[in-house]
Amino acid sequence: MTPRLDAISIITSDLAASLAFYRRLGLDIPDGAESAPHVEVALPGGQRLLWDTEEVIASFDPGWKRPAGGERLGLAFVCDSPREVDALYAELVDAGYTGHLKPWDAVWGQRYAVVLDPDGCGVSLFAAADAA
């Protein structure tokens, strides 16, 4: 048997804030999920995205400590066009999220931007530059 990727997990210090951010990116997160210590959503292709509070992780891993320094994991959301990258970046920043890298035309042929989620993780927004 060959292992296969099934889920990506986000450990968050503020579950409600994290879920609100990812809802803005189009994920179908059930209403009321904020009251649970663990949340799962199905992604296209069969994988899952999971959220756990720091308290849940510490409950079964007493030595766990919040990471410090650089990112350990990055998520990327494809957009339909360069214009959508710009609009979504502006919408998120206007809503109070931290813009990390303003939209730019990357040398690899994409319109690209990075916004930080509530826990400071970089979330990339991108579209093919020729999708205009």
- Query: Can you find a side-chain donor-acceptor pair between T12 and W51 that sits under 3.5 Å?
  - Reply: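 No, no side-chain donor-acceptor contact under 3.5 Å.
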
- Message: With a 6.0 Å cut-off (strictly less than), is the heavy-atom count around CZ of R83, excluding the residue itself, greater than 12?
- Response: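 Not more than 12 within 6.0 Å, no.
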
- Message: Quick check on D28: does its CG atom have over 12 non-hydrogen neighbours (other residues, nucleotides or ligands) under 6.0 Å away?
- Response: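 No, the 6.0 Å shell around CG holds no more than 12 heavy atoms from other groups.
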
In Å and rounded to the nearest 0.5 Å, what is the [atom1] to [atom2] distance from [X] to [Y]?
X: L15; Y: H38; atom1: CG; atom2: NE2; value: 10.5 Å
X: L75; Y: L49; atom1: CG; atom2: CG; value: 6.5 Å
X: L43; Y: I8; atom1: CG; atom2: CD1; value: 6.5 Å
X: S81; Y: R111; atom1: OG; atom2: CZ; value: 10.5 Å
X: C121; Y: I10; atom1: SG; atom2: CD1; value: 7.0 Å
X: E91; Y: R24; atom1: CD; atom2: CZ; value: 5.5 Å

Can you give me the closest heavy-atom contact between [X] and [Y], atom names plus distance?
X: P103; Y: Y89; answer: CD-CD2, 3.5 Å
X: D80; Y: A127; answer: C-CB, 4.4 Å
X: A17; Y: P118; answer: O-CG, 3.3 Å

- Lys/Arg-Asp/Glu bridge criterion (N-O < 4.0 Å) met for R23, E34: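 The answer is yes: the pair qualifies as a salt bridge.
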
- Message: Angle between ring planes, Y97 versus F21, binned at 30° and 60°: parallel, tilted or perpendicular?
- Response: perpendicular

- Task: With sequence neighbours excluded, tell me which residues meet salt bridge (Lys or Arg N to Asp or Glu O under 4.0 Å) with E84.
- Result: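 Not a single residue meets the salt bridge (Lys or Arg N to Asp or Glu O under 4.0 Å) criterion with E84.
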
- Item | Side-chain donor/acceptor of D119 to backbone N/O of S13, under 3.5 Å |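 Yes, the answer is positive, given that a donor and an acceptor are paired below the 3.5 Å cut-off.
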
Non-hydrogen side-chain atoms of [X] and [Y] separated by less than 4.5 Å:
X: S124; Y: V115; value: no
X: T98; Y: L92; value: no
X: L50; Y: V39; value: no
X: V114; Y: L125; value: no

- Any chain of hydrophobic side-chain contacts (each under 4.5 Å) joining F77 to L19?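 Yes, same cluster.
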
- Verify the ring-centre separation between W108 and Y112: is it less than 6.0 angstrom? yes

- Message: Between L88 and L25, does the side chain to side chain contact (heavy atoms under 4.5 Å, CB included) criterion hold? Intermediate values first, please.
- Response: CA-CA 8 Å; L88 184 53; L25 290 170; 3.6 Å; yes

